[in-house]
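Report on the structure given below.
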Amino acid sequence: KGEKFQTRWSSFENPAAEKGRGGMSNKGAKGHAFETFSAGETKTLLDIQGCGTVHRIWMTISKRDPVSLRSVRIEMFWDNSATPAVSAPLGDFFCDIHGHMLAFENELFSNPEGRSFNCSIPMPFRTAAKITVTNDSDQDISHIFYDVNFILCESHENDVLYFHAYWSREHRTTIAQDFEILPSVKGSGRFIGTHIGVITNPGNVGWWGEGEFKAYLDGDSEHPTLAGTGTEDYIGTAWGQGVYNHTYQGCLIADGEKGMFGFYRYHINDPIYFHSDCRITMQQIGGTGKKEVLEQLQKGASIKPVSIDAGEKGFIRLLEGDGKRLDDASLPDGWTNFYRRDDWSATAFFYLDSPENGLPKIATVKDRIAGLEEKEMQK
């Protein structure tokens, strides 16, 4: 029944989200819409005891450059847990990948005019919920506004899961080693999707996105249960990757000159469930013409040929059996795939049957912001 559910909003005008106590700071007039966000400060956006579900988070801050959006960290704690279920840079969490603010809307996040952050992922909790943001930069932020909208209820069903988000970055991935979007987590749950950022290695040529998505589920070890066909294929496009913005998949940044890409994929209509463990990766493979790959090898580039697209004859697999090298004169010309190294970052979103996930702590702010000079990111 309706009376079992109570609607609450937390904001600076009512930080405890108490009944009948909103907008009291200036005799009912607007009096506490924002606060200053000092360097090193942690702001608590929500801190309540009880059972319920967060349904919407809205925020904005006055400094929205790439360094600031990687320096501010958002964290979420469920049921009084000691470690966060969510820990990510503010921009990357809200799909402003690389801290690049653009107007967009998808199923889970939106930024109506390129100046705000909105999230509508349901986030259940059973006994408590706490959401914080921390300014890990050395710069004060003059304004922070927010509201967190949630429902209080009497209880949840036993199969209701906790929301988690994990962010990581590798400045240079390892040859022939997949980038981990989500390291192995134990338990039962659902992989929701990911925001991915790529900054290409200027030492490489050609297309960077031939790598295949992999999902290792419920005891998979050497090989995954789910495997895709290419990076752009994973987000629903093909033959390269430009800018587009769709409900469950999109690419918000595709700047070939700067070598910067930012894209997302949500498994809403094609859910990925797991029952004991889950690990999500993306191969680090690119491609270009055979001649260009040979030239890179001669220059000592850190690459490794994988296969040649021989057209109607299919793939020539350079790593399988025949032992042929790419410079073998008997091999045809053609599109050549090769392992390469680039700068990859990702926010992984998932539900889990535990409020804690056991994943590593978020990287230091120095590591998060490296290479994101503001001048490179301006529109």
Side-chain angles (χ1 to χ4, degrees), residues 8-18 32-64 67-96 99 109 116-150 152 162-168 195 347-350 352 354-365 367-369:
R8 297 288 185 268
W9 290 10
S10 172
S11 71
F12 290 128
E13 293 283 11
N14 189 3
E18 297 175 287
H32 196 176
F34 70 89
E35 289 187 359
T36 298
F37 197 11
S38 301
E41 183 181 9
T42 295
K43 294 282 189 187
T44 298
L45 309 186
L46 180 68
D47 190 2
I48 59 166
Q49 301 295 307
C51 183
T53 301
V54 173
H55 285 283
R56 177 180 181 266
I57 301 171
W58 166 85
M59 285 187 62
T60 189
I61 57 177
S62 52
K63 283 178 65 67
R64 298 182 299 277
V67 170
S68 296
L69 296 188
R70 271 279 172 87
S71 299
V72 175
R73 166 172 40 103
I74 185 167
E75 294 190 322
M76 303 181 192
F77 303 78
W78 313 125
D79 296 358
N80 298 306
S81 295
T83 61
V86 171
S87 187
L90 188 71
D92 294 88
F93 177 86
F94 283 98
C95 205
D96 296 298
F109 297 89
S116 63
F117 313 99
N118 293 269
C119 174
S120 58
I121 300 175
M123 305 175 187
F125 53 93
R126 286 183 168 81
T127 61
K130 183 176 182 180
I131 301 175
T132 65
V133 288
T134 300
N135 182 0
D136 287 326
S137 78
D138 57 4
Q139 300 291 317
D140 293 343
I141 296 173
S142 63
H143 293 71
I144 176 173
F145 301 75
Y146 82 97
D147 61 62
V148 177
N149 307 345
F150 61 99
L152 293 173
Y162 296 93
F163 171 71
H164 293 254
Y166 171 77
W167 182 87
S168 62
H195 300 160
T347 310
F349 301 97
F350 59 103
L352 196 63
S354 168
E356 297 184 89
N357 56 45
L359 293 171
K361 291 183 178 180
I362 193 171
T364 64
V365 68
D367 184 71
R368 301 197 310 257
I369 68 175

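For clarity, every value in this text was computed on a predicted model and none was experimentally measured.
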Which pair of heavy atoms, one from Glu13 and one from Ala33, lies closest together, and at what distance? OE2-N, 3.7 Å
Is a side-chain donor or acceptor of Asp92 paired with a backbone partner of Thr347 at a separation under 3.5 angstrom? no
Apply the test side chain to side chain contact (heavy atoms under 4.5 Å, CB included) to residues Leu69 and Phe117: give CA-CA distance (whole Å), side-chain angles for both, the deciding distance (0.1 Å), then the verdict. CA-CA 11 Å; Leu69 296 188; Phe117 313 99; 3.7 Å; yes
Do you know the tightest heavy-atom contact between Trp58 and Ser116? NE1-CB, 3.8 Å
Using a 3.5 Å distance criterion without hydrogens, assess whether the side chain of Asp79 forms a donor-acceptor pair with backbone atoms of Ser81. no
If you take all heavy atoms of Ile141 and Ser62, which pair is closest and at what distance? CG2-OG, 3.4 Å
Quick check against the 3.5 Å criterion: does His55 have a side-chain atom that pairs as donor or acceptor with the backbone of Asn149? no
Kindly determine whether Ser87 and Lys361 satisfy side chain to side chain contact (heavy atoms under 4.5 Å, CB included), including the steps that lead there. CA-CA 8 Å; Ser87 187; Lys361 291 183 178 180; over 6 Å; no
Could you tell me whether the side chain of Arg368 and the main chain of Ala363 form a donor-acceptor pair under 3.5 Å? yes
Short side-chain to backbone donor-acceptor contact, Ser10 and Ala17, under 3.5 Å: no
Would you call the rings of His32 and Phe12 parallel, tilted or perpendicular, taking 30° and 60° as the class edges? parallel
Would you give the length of the straight line joining atom OG1 of Thr83 to atom CD of Glu75, rounded to the nearest 0.5 angstrom? 9.5 Å
Do other residues, nucleotides or ligands put more than 12 heavy atoms under 6.0 Å from the CH2 atom of Trp9? no
What's the separation between atom OG in Ser71 and atom CG in Asp136, rounded to the nearest 0.5 Å? 7.0 Å
Looking only at heavy atoms, what is the nearest atom pair of Phe37 and Val72, with distance? CE2-CG1, 3.9 Å
When you measure from the side chain of Trp78 to the backbone of Phe163, do you find a donor-acceptor pair of N or O atoms at a distance under 3.5 Å? yes
Kindly indicate, with the supporting measurements, whether the criterion side chain to side chain contact (heavy atoms under 4.5 Å, CB included) is fulfilled by Ile61 and Tyr146. CA-CA 9 Å; Ile61 57 177; Tyr146 82 97; over 6 Å; no
Working to the nearest 0.5 Å, report the span between CD1 of Ile57 and CE of Met76. 3.5 Å
Could you tell me if the side chain of Glu356 sits less than 4.5 Å from the side chain of Tyr162, heavy atoms only? no
Side-chain donor/acceptor of Lys63 to backbone N/O of Ser142, under 3.5 Å: no
Would you check if the side chain of Gln49 reaches a backbone N or O of Ala128 as a donor-acceptor pair within less than 3.5 Å? no
Quick check for you: to the nearest 0.5 Å, what is the distance between Ile121 atom CD1 and Thr53 atom OG1? 13.5 Å
CZ/Arg56 to OG/Ser120 distance, rounded to the nearest 0.5 angstrom? 9.0 Å
Could you tell me whether the side chain of His164 and the main chain of Ser354 form a donor-acceptor pair under 3.5 Å? yes
Using a 6.0 Å cut-off, check whether atom NZ of Lys130 has over 12 heavy atoms from anything other than its own residue. no
Among Tyr166, Trp167, Phe349, Phe93, find the one that has a ring pair (Phe, Tyr, Trp, His ring centres under 6.0 Å) with His195. Phe349
Under 3.5 Å, side chain of Ser137 to main-chain N/O of Gln139, donor-acceptor pair present? yes
Assess whether side chain to side chain contact (heavy atoms under 4.5 Å, CB included) is satisfied between Thr60 and Phe34, documenting all intermediate values. CA-CA 10 Å; Thr60 189; Phe34 70 89; over 6 Å; no
So, for Phe350 and Ala165, which heavy atoms are closest and what is the spacing to 0.1 Å? CE2-N, 4.4 Å
Atom pair CG (Asp147) and CE (Met59), whose distance is rounded to the nearest 0.5 Å: 10.5 Å
Minimal heavy-atom distance between Val133 and Ile144, with the atoms involved, is CG2-CD1, 3.8 Å
